[in-house]
Amino acid sequence: MEIALVFYIILAGVIIYVLGEIIVNIVIDPVQELKRVIAEIAFKLIYYSHVYRVTSSVDEEGSEEEAQKSVDSEKLEQAADEYRKLASMLNAGYHLVPFYGIARVLFFLPKEADIIETRNALLEMSEEIFAAPKSFVISERRKSIEKLLKVI
């Protein structure tokens with residue numbers, strides 16, 4: 001009788017361990033990855049905010065066109081690539097979380113519509129970086145993303 005009891009206790013321990021690992025790998029890890037992507041978006045929005053800011057001040061000899069040319073095109077390209085990459089990562093992270101409606105409430109995640117709107121705004125930012133006048137439009141997109149993801 002004691003051997004059967006020990007066997008049942010060990011079996012119960014193994015089952016609890018396996019169920020715990022399943023929950024961690026299927027639910028908690030994707031949620032943490034999505035939160036990590038949201039944190040990275042918040043970081044990159046601030047980090048690249050100086051790149052697309054166009055100063056309206058004009059030198060005595062220069063023109064507004066020269067002021068825009070002073071913005072490093074390599075940095076603009078890098079920022080555009082990062083925003084596109086973040087949009088892709090956000091989309092992938094969102095689709096990895098099972099039962100998103102329930103997980104959203106349990107883990108305080110943004111609404112599905114906010115995730116999709118943020119993804120679209122990041123894609124638009126990556127395309128608008130090269131358009132002029134860009135400073136105001138991208139700044140407004142940045143503010144809307146911060147509100148949607150509640151990172152301000």
Side-chain angles (χ1 to χ4, degrees), residues 1-55 68-152:
M1 190 69 167
E2 289 180 18
I3 294 176
L5 183 63
V6 170
F7 174 74
Y8 289 133
I9 290 173
I10 291 173
L11 182 63
V14 168
I15 290 172
I16 290 172
Y17 174 77
V18 169
L19 289 176
E21 286 297 310
I22 289 171
I23 291 171
V24 165
N25 289 327
I26 291 178
V27 178
I28 295 175
D29 284 349
V31 167
Q32 285 183 331
E33 182 61 32
L34 180 60
K35 285 190 171 201
R36 200 170 292 122
V37 169
I38 291 171
E40 190 170 347
I41 289 170
F43 171 75
K44 297 289 172 123
L45 286 174
I46 294 171
Y47 183 77
Y48 286 115
S49 64
H50 74 286
V51 172
Y52 49 80
R53 177 155 298 147
V54 178
T55 58
Q68 279 187 322
K69 286 182 182 178
S70 69
V71 176
D72 189 6
S73 63
E74 185 177 313
K75 291 249 187 206
L76 286 173
E77 185 72 36
Q78 184 180 11
D81 287 345
E82 279 296 320
Y83 289 147
R84 186 164 291 280
K85 177 182 166 189
L86 289 171
S88 301
M89 289 170 55
L90 182 65
N91 193 48
Y94 161 70
H95 287 293
L96 277 176
V97 177
F99 312 111
Y100 190 85
I102 297 169
R104 180 182 78 77
V105 174
L106 290 175
F107 297 105
F108 307 105
L109 297 171
K111 297 176 187 173
E112 296 95 327
D114 293 345
I115 293 281
I116 292 168
E117 193 173 337
T118 299
R119 179 200 64 200
N120 293 339
L122 284 168
L123 289 172
E124 290 170 2
M125 281 178 67
S126 74
E127 295 165 0
E128 290 174 354
I129 279 183
F130 298 105
K134 57 188 155 229
S135 181
F136 177 75
V137 173
I138 293 179
S139 177
E140 289 301 312
R141 292 249 191 272
R142 191 188 95 208
K143 289 176 187 174
S144 72
I145 289 172
E146 289 171 343
K147 285 180 185 175
L148 289 169
L149 296 180
K150 297 174 180 73
V151 293
I152 54 171

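Numbers for residues simply follow the sequence, beginning at 1. Note that these values count all heavy atoms, side chains included, but never hydrogens, waters or copies made by symmetry.
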Let me have the donor-acceptor pairs involving side chains of residues 5-34, under 3.5 Å, with sequence neighbours excluded, atom names and distances please.
from, atom 1, to, atom 2, distance (Å)
Asn25, ND2, Glu21, O, 3.2
Glu33, OE1, Arg36, NH1, 2.9

At their closest point, which heavy atom of [X] faces which heavy atom of [Y], and how far apart are they?
X      : Y      : answer
Pro98  : Ala103 : O-CB, 4.1 Å
Arg142 : Ser49  : NH1-CB, 3.6 Å
Glu112 : Tyr100 : CG-CD2, 3.4 Å

Between atom [atom1] of [X] and atom [atom2] of [Y], what is the distance when rounded to the nearest 0.5 Å?
X      : Y      : atom1 : atom2 : answer
Tyr94  : Leu109 : OH    : CG    : 11.0 Å
Asn91  : Met89  : CG    : CE    : 12.0 Å
Leu122 : Leu86  : CG    : CG    : 6.5 Å
Asp114 : Lys147 : CG    : NZ    : 12.5 Å
Asn120 : Leu90  : CG    : CG    : 10.0 Å
Glu40  : Leu45  : CD    : CG    : 10.5 Å

TODO: Go through Ile115 and Arg119 one step at a time and tell me if the side-chain contact (heavy atoms from CB on, under 4.5 Å) criterion holds.
DONE: CA-CA 6 Å; Ile115 293 281; Arg119 179 200 64 200; 5.6 Å; no
Task: Residue Tyr47 excluded, over 12 heavy atoms near OH under 6.0 Å - done: no
Task: Derivation and outcome, side-chain contact (heavy atoms from CB on, under 4.5 Å), residues Tyr48 and Ile129 - done: CA-CA 11 Å; Tyr48 286 115; Ile129 279 183; over 6 Å; no
Open item on the list: Measuring only between side-chain heavy atoms, which start at C-beta, is Pro110 closer than 4.5 Å to Ile38?
Closed with: yes
TODO: In sequence, state the C-alpha distance, the side-chain angles, and the governing distance for Ile145 and Ile41, and then conclude on side-chain contact (heavy atoms from CB on, under 4.5 Å).
DONE: CA-CA 9 Å; Ile145 289 172; Ile41 289 170; 4.1 Å; yes
Open item on the list: Looking at Lys35 and Phe107, would you say the former's side chain and the latter's main chain have a donor-acceptor pair under 3.5 Å?
Closed with: yes
Taking only distance into account, with no hydrogens and no angle test, what donor-acceptor pairs under 3.5 Å do side-chain atoms of residues 77-84 form with protein atoms, sequence neighbours excluded?
from, atom 1, to, atom 2, distance (Å)
Glu82, OE1, Lys44, NZ, 2.9
Arg84, NH2, Ser126, OG, 3.3
Arg84, NH2, Glu127, OE2, 3.1

